[in-house]
Amino acid sequence: MAEDTMTVTVPQWAQKLVATHNNISTSKNQNNIKKSNTNNKIKASDIPSPSGFSPYASKPIKLQTFNKNDKQVNQILISKAWQIAFQPAKSIPMNLIMSYMSGTSLQIIPIITAVMLITNPIKSILNINNAFKPVLQHESVKYDITGAMAVYVLCQLLLVGIAVYKLRSMALIPNTKSDWVAWENPTTYNGKSIVI
Amino acid sequence: MTQLISYYGFFIMAMFWWSVTTAVYKDEAYKIDWEIQNIGDLKCIDRSGDSFIVLSELKNNKDKSLLSWINVETGDIEYRQVLTDTYDGFAINNNSNTVYLKNKNGKGTFKAIDAKFGFAQELTLEAESELFKDLNFTNACKNYGFNSLVKLDNADHSIKILDSQDGKNVVLKAVLPDDNVSVLYLETDHVSTLEYLIYNQNDDIYAYFMYVNNTLVNSWYRDESVSDVTAYTVISPHDKNIEDDKESLEIEDSKKNLWDAYIYRLQTNFAKLKNALIKRRLSLSNIVLDLFTEDKSVEGIQKRNENFGFNKLLLVGNEKGVITCLDLNNGTIYWNYKTGVPISKLLTRKNEHELLVFSPGGEIMSFDISNTYERPESFTSIEKTIKNSKVALLSNGDDIFVKSAQGTNNVVLHNKSATDVENYESEYIIDHDLYSITAFKHDGDKLTEIWKYSVDPVCEHISAISGKDIEEPIVNIGVTLGNRTVLYKYLYPHLFVVGIVNTKLNSLTIQIIDSVTGELVYSTIHKNNVATEKPVSVAFGEYWVVYSYFANEPIPEQTLNVIELYESLTPNERMSKEVEKDVFDSRAPPAVISKSYFFPDVIDNIALTKTKFGITTKAIILQLENGQITYLPKYLVSARRKDEKDMTDDDKKEFMASPYVGTIPINDNFVITHFREIIPVKTPHLVSFPTNLESTSFVCSFGHDIFCTKVAPSSQFDVLPQNFERAQIIYTIIGLLVTLYFLKPFVENKNLKLKWLVKE
């Protein structure tokens with residue numbers, strides 16, 4: 001501890017103060033003073049620091065930038081990415097309940113909700129870069145969040161799946177024979193027969 | 001418990017049925033239907049109070065008599081009653097409250113009927129023997145009211161009433177129209193009043209006149225010439241607009257290039273638009289008014305009926321030889337023509353410009369009916385052919401099959417002199433009589449008998465036969481089930497169904513037969529003590545057959561049965577292919593299912609509704625023995641209905657699926673004859689004609705009476721209802737437009753601010 005206090009350098013302003021005092025007290029350096037007076041320029045470094053001020057403060061502050069290889073930071077970024085990835089999953093239970101509650105009868109509101117449930121996730125998938133923007137601008141993690149992005153897409157597809165299931169249960173998806181039977185033609189036979 | 005469930009199911013079904021399908025309600029009764037009621041061949045007439053009571057014979061039903069009450073003031077039929085026996089006379093007692101009918105067959109047996117309401121009254125043996133002594137029945141029916149003081153002067157066709165005091169002076173005199181009339185009823189006080197009812201045999205018209213002091217006070221007439229219809233046909237009036245449209249369509253079809261055809265259509269449509277605008281004098285208000293107001297004028301309704309295809313004309317012919325042209329929509333008689341020979345068939349050819357009238361004697365008359373509403377002046381006789389028993393127009397609309405009365409030398413009459421034999425589509429004609437079915441093949445130039453099927457004439461007879469409607473379009477080749485799978489319909493066209501009654505075994509055999517080969521496709525036999533004297537009817541729908549018969553076992557009850565033919569009973573399994581096939585190529589046999597139902601009333605006849613495109617649910621029209629006509633939607637008479645406990649959730653999802661209940665009830669609202677009554681005949685014609693509206697079809701019954709109405713088995717989905725709120729809709733649209741106009745700048749402003757990131 002004692003050593004520490006010993007090594008503390010005298011503040012600059014204190015040094016300057018001492019120096020000025022020395023100048024005034026010694027007439028040897030009178031010319032110098034005059035010279036400096038005529039210049040009338042006092043460098044910032046010449047101004048003594050206020051008391052209690054650390055000598056480092058006067059040095060240009062070096063911003064604390066994250067190191068590109070800083071593992072910790074990357075981990076934070078990746079966890080943020082996963083957070084984004086699971087965001088759509090949060091609405092899955094709600095949508096499931098809503099779909100279940102609105103029934104399978106053909107009504108305009110459930111149909112519109114179901115269609116929106118298809119289009120919105122697709123839009124989100126197309127705008128995936130936007131969703132991951134806060135993370136993507138960091139080159140360091142660009143390749144590490146691919147998994148998160150895949151999960152994000154998966155979650156959105158799950159939402160689409162709910163909507164598709166809903167439309168299917170409303171019989172709006174032409175996936176059965178009965179949807180296409182109207183386009184099937186009967187066998188045609190030659191001749192006509194009448195009963196009289 | 002099961003009974004409870006079935007009752008519950010029945011109740012649900014009844015509610016469902018009630019709410020889903022439209023029926024005849026009070027606002028439509030008497031407006032959409034019409035009837036021509038007849039009293040038949042008059043035998044005896046007398047007056048009781050304000051009514052004439054008329055006893056008549058039914059031409060088509062010789063073992064029954066008809067008793068009618070006719071209003072003296074108006075001549076309208078008040079009430080008619082079918083008597084289950086034949087009577088040849090009646091007398092009314094002095095209090096004029098009882099009618100005593102004398103039986104034709106049993107000597108001196110009488111029936112007493114309340115003269116006001118027609119209720120049967122009890123008649124003791126003593127009273128009966130008294131009656132036999134007192135009432136002179138033989139005189140009761142002839143020249144009623146004539147005595148020494150009433151003279152029928154044949155010289156000047158007049159009735160002369162002499163003074164009751166001196167018996168010489170003529171007090172009253174009435175001139176009769178001509179000498180073909182007979183006076184049926186006459187009443188006078190020999191002072192001032194004279195009323196009489198005459199009958200004109202030539203025109204089949206009853207006329208009533210009432211004179212007070214030699215001035216005519218009241219008169220009416222009843223036309224009975226449109227009765228006992230033996231032949232009918234329906235034509236559409238020749239409308240210039242429709243014919244123009246047809247012509248332009250033909251021109252369009254003849255264009256080789258699709259683009260040219262499109263340009264042509266554009267041009268014609270533009271010309272139409274121009275004409276429509278000119279008609280409305282280019283005024284916007286007129287156009288808007290036309291769009292949003294209902295034209296209730298007579299012309300407007302007429303025009304609408306024309307567009308809807310309601311303005312059809314019905315031509316009927318009878319044994320008296322009278323052809324009558326009626327409006328199918330409201331029963332107005334436009335014209336009639338007396339041919340003088342009994343009519344057995346009416347056919348139209350040449351786009352309904354030529355009417356062919358056939359007589360069993362062999363006469364064929366051709367009428368030019370280009371001017372539909374006008375009575376044709378004359379006819380041209382086509383070569384006298386053999387005496388015929390049956391006549392049918394072949395499906396090409398030109399050739400006519402004539403079956404000779406002897407059964408041999410049947411001919412086909414060609415319209416064109418030269419028939420294109422190369423491209424002639426073979427026609428299989430199934431002819432039948434009581435004991436046999438004969439199939440003919442017509443190839444354009446020759447008619448050959450291809451097979452014959454006979455039943456045992458000792459104990460069997462053919463009681464009903466029905467073929468498929470060849471003109472019916474096939475809309476869908478499958479039936480969609482509740483789980484959205486498909487059962488494929490068996491749609492082979494050359495099929496017909498026949499019902500054969502065995503009087504020895506009291507059984508009914510229903511057979512579905514291939515008309516080309518005579519092969520038996522399906523057969524079923526009912527041995528539950530079938531009442532062979534009751535009517536058996538069959539009808540062949542698209543892929544199903546409905547038939548009715550009366551069974552005495554297990555309980556005496558009318559049954560209604562259905563057979564459905566599928567390609568396979570496994571869903572989604574199709575056996576046929578989308579190809580053209582020859583009738584002799586091999587085919588998979590149909591998979592058949594059937595169900596039977598009880599029906600509360602005896603069914604005389606079955607017909608099916610016909611619509612323009614065949615999309616509307618088929619309805620089964622039933623003519624009942626009690627003089628009513630009712631209908632059932634096909635989905636009620638389904639062979640795939642099953643017990644509620646067997647129905648899965650998917651089964652319940654099927655269109656109009658309902659659990660099997662043994663009895664199909666008659667819903668009062670489905671009785672399309674409502675308060676009207678149709679006198680039943682042995683061989684009634686029950687037919688349906690399509691209109692231009694897919695939802696609606698005409699249903700007519702021809703026999704002793706003529707009855708026509710319109711039914712919409714799937715409700716009138718293509719017509720705006722009467723109470724449609726046109727005004728409300730237009731006000732709502734205007735309101736929305738105004739709101740939009742005011743809101744638009746606000747929204748624009750907001751969007752602009754959003755772009756400049758200005759906060760409100």
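Here the structure is a predicted model, which means the values were calculated and not measured. Every chain is numbered from 1 and lettered A, B, ... according to where its sequence line falls, protein lines coming before strand lines.
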Query - B:Ile429, part contacting chain A, at a heavy-atom distance under 4.5 Å - result: both

Query raised in the report: Non-hydrogen atoms of chain A under 4.5 Å away: do they reach the side chain of B:Asp431, the backbone, both or neither?
Result: both

Query raised in the report: When you measure from the side chain of B:Asp582 to the backbone N and O of A:Asn190, does any donor-acceptor pair fall under 3.5 Å?
Result: no

Query - Chi angles and distances behind the side-chain contact (heavy atoms from CB on, under 4.5 Å) call for A:Asp179, B:Arg484 - result: CA-CA 8 Å; A:Asp179 300 306; B:Arg484 296 167 67 208; 2.8 Å; yes

Query raised in the report: What part of B:Ser515 is in contact with chain A, defined as an atom under 4.5 angstrom from a non-hydrogen atom: side chain, backbone, both or neither?
Result: side chain

Query raised in the report: Side chain, backbone, both or neither: which part of B:Lys577 has a heavy atom under 4.5 Å from chain A?
Result: backbone

Query - Side-chain heavy-atom pair A:Asn185, B:Ile477 within 4.5 angstrom cut-off - result: no

Query raised in the report: For A:Asn175, is it the side chain, the backbone, both, or neither that has a heavy atom closer than 4.5 Å to a heavy atom of chain B?
Result: both

Query - Engaged part of B:Leu487 at the chain A interface, taking heavy atoms whose separation is under 4.5 Å - result: neither

Report task. For side-chain contact (heavy atoms from CB on, under 4.5 Å), just list the numbers for A:Lys177 and B:Thr485, CA-CA rounded to whole Å, side-chain angles, deciding distance to a tenth of an Å, and then say yes or no. Result -> CA-CA 6 Å; A:Lys177 200 99 177 173; B:Thr485 52; 5.7 Å; no

**Report entry** More than 12 heavy atoms of other groups within 6.0 Å of A:Met170 CE
**Finding:** yes

Query raised in the report: Do we see a donor-acceptor contact under 3.5 Å between the side chains of A:Ser178 and B:Thr480?
Result: no

Query - Residue pair A:Thr187 / B:Tyr492, side-chain heavy-atom distance below 4.5 Å - result: no

Report summary line: Heavy atoms of B:Tyr488 and A:Glu184 approach each other most closely as OH-OE2, 2.8 Å

